[in-house]
Amino acid sequence: MCETEKMQLGERFFIYSEAAEIAVVTFSLTELSLPANAEHLLKTYASMLGTDDKRLAAAIFCSWYAGICGAKYALLTAAHPMAHALCLSNMSVHLIRTEGFPVFSFHVHENRDGLCHKHDPGNVLLNELGLFYKNDVRPIILALAKAAQTKAVMLWKQIYNQLYTYMEEEARNAAGDSTRNLIIEQFKAMTWELEPEVFGLPANPFRIMPKFRTDRNPPHNTISIKATCCLAYQLRADHGYCSSCPILPPE
């Protein structure tokens with residue numbers, strides 16, 4: 001992988017080829033799939049955020065963890081061989097203290113480049129994503145849900161929120177309407193068509209019909225409404241709801 005690609009993985013998805021030198025908490029993702037370790041991470045993270053609410057910590061953590069899901073989708077779509085390296089058994093999470101809010105980084109242990117052929121977007125890519133969510137993401141979500149005493153479906157929707165944001169960014173930067181529409185349609189297919197069993201739920205939490213509203217803040221663009229509240233408004237009394245919050249009362 002070239003330096004530009006490594007930089008993009010770090011800046012956009014928080015994924016790095018080297019471990020953080022100084023971290024408050026470090027777990028391999030396999031270790032994080034154990035509820036006791038997930039609880040330790042959430043309790044520590046919540047304390048650093050200035051709260052004791054593990055449910056809030058789990059919701060915000062999932063917006064970071066979604067970086068792995070976004071990178072997996074991007075690499076598989078591009079038929080990049082490093083897609084195979086992003087898996088439960090080959091990554092670690094690091095919780096890092098900063099002068100502002102704490103941050104997370106995800107370390108890839110081994111490159112594990114493998115053959116990655118151009119996918120038929122209707123079959124192979126969907127199957128690979130399904131296996132990834134079932135075998136690599138679902139154990140983490142279940143551990144976090146148990147540790148935070150919250151519903152797994154709500155954490156899946158936090159993942160979806162960030163995935164949708166990544167898709168919007170890519171569509172916004174697309175060269176032309178046809179490419180933009182293709183990005184949107186492929187994202188819909190790769191989320192809607194996943195089987196509920198992949199998530200361990202009775203229904204697919206990614207099967208969401210997008211809704212939009214006019215942003216209350218200048219320049220009052222049309223924005224998408226999140227699938228679920230990120231709970232960030234609970235961190236500070238002066239934060240308020242995000243413009244895209246689904247529980248924001250109508251004007």
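Only a predicted model underlies this, so the values are computations on that prediction, with no experimental measurement involved.
- Ring-plane geometry between His40 and Phe27 is classed as perpendicular, the angle between the planes exceeding 60 degrees on a 0 to 90 degree scale with a lower cut at 30.
- Between Ser92 and Ser28, the shortest heavy-atom contact is OG-CA, 3.6 Å.
- Counting only N and O atoms by type, the side chains of His94 and Thr26 include a donor and acceptor under 3.5 Å apart.
- Taking CG from Asp177 and CG from Leu182, the interatomic distance works out to 12.5 Å, rounded to the nearest 0.5 Å.
- Looking at heavy atoms from C-beta onward, Phe199 lies in side-chain contact with Phe206 at the 4.5 angstrom threshold.
- There is no path of hydrophobic side-chain contacts, each under 4.5 Å, that joins Leu131 to Leu86.
- Across every non-hydrogen atom of Lys134 and Pro139, the tightest pair is O-CD, 3.6 Å.
- Note that the CZ atom of Phe104 and the CD1 atom of Ile68 stand 11.0 Å from one another [nearest 0.5 Å].
- Between Tyr73 and the choices Glu128, Gln186, Met167, the side-chain contact (heavy atoms from CB on, under 4.5 Å) rule is met once, by Gln186.
- Going from atom OG of Ser224 over to atom NZ of Lys211 covers 12.5 Å, rounded to the nearest 0.5 Å.
- Going from atom CD1 of Ile223 over to atom CZ of Arg213 covers 6.5 Å, rounded to the nearest 0.5 Å.
- Distance check, rounded to the nearest 0.5 Å: OG1 of Thr44 to CD of Glu39 gives 10.0 Å.
- Nearest heavy atom pair, residue Ser243 against residue Asn217, reads OG-ND2, 2.9 Å.
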Q | Val24 vs Ile96, side chain to side chain contact (heavy atoms under 4.5 Å, CB included): CA-CA, chis, key distance, verdict | A | CA-CA 6 Å; Val24 178; Ile96 304 165; over 6 Å; no
Q: Begin from the C-alpha positions of Glu170 and Tyr166 and carry the test side chain to side chain contact (heavy atoms under 4.5 Å, CB included) through to its verdict.
A: CA-CA 6 Å; Glu170 188 178 357; Tyr166 290 140; over 6 Å; no
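- With a 4.5 Å cut-off on side-chain heavy atoms, Leu235 and Phe101 count as touching.
- Scanning all heavy atoms of the two residues, the minimum distance from Met82 to Asn111 falls at CG-OD1, 3.6 Å.
- Under the 4.0 Å criterion applied to side-chain N and carboxylate O atoms, Lys188 and Glu193 are not assigned as salt-bridge partners.
- The closest side-chain heavy-atom distance from Lys146 to Leu142 is not below 4.5 Å.
- A heavy-atom distance below 4.5 Å is found between the side chains of Cys69 and Ile159.
- Rounding to the nearest 0.5 Å places OG of Ser178 at 9.5 Å from CD1 of Ile183.
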Q: Please assess Tyr16 against His107 for the test side chain to side chain contact (heavy atoms under 4.5 Å, CB included), listing each intermediate value before the final yes or no.
A: CA-CA 5 Å; Tyr16 302 91; His107 170 222; 5.8 Å; no
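- Under a hydrophobic-cluster definition in which Ile, Leu, Val, Met, Phe, Trp and Tyr are linked whenever side-chain heavy atoms come within less than 4.5 Å, directly or via other members, Leu163 and Leu231 are assigned to the same cluster.
- Judged by distance alone, the side chains of Gln234 and Thr51 never bring a donor and an acceptor atom under 3.5 Å apart.
- Residues Tyr45 and Ile60 form a side-chain contact, since some pair of their non-hydrogen atoms from C-beta on lies under 4.5 Å apart.
- Using the six-membered ring where Trp is involved, Phe61 and Phe106 have ring planes that are tilted, between 30° and 60° apart.
- Ring-plane geometry between Tyr133 and Trp156 is classed as perpendicular, the angle between the planes exceeding 60 degrees on a 0 to 90 degree scale with a lower cut at 30.
- Two residues are said to be in side-chain contact when any heavy atoms from C-beta on lie closer than 4.5 Å; Cys229 and Ile247 meet this criterion.
- Annotation: side chain of Gln158 is not in contact with side chain of Ser63 (no heavy-atom distance under 4.5 Å).
- Residues Thr77 and Phe187 have side chains not in contact (no heavy-atom distance under 4.5 Å, counting atoms from C-beta outward).
- Scanning all heavy atoms of the two residues, the minimum distance from Ala71 to Ile15 falls at CB-CD1, 3.5 Å.
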Q: Starting from the C-alpha separation in whole Å, work towards a yes-or-no answer on side chain to side chain contact (heavy atoms under 4.5 Å, CB included) for Leu42 and Leu144.
A: CA-CA 8 Å; Leu42 294 180; Leu144 292 169; 3.9 Å; yes
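- Smallest separation of non-hydrogen atoms from Thr191 and Asn204: O-ND2, 2.8 Å.
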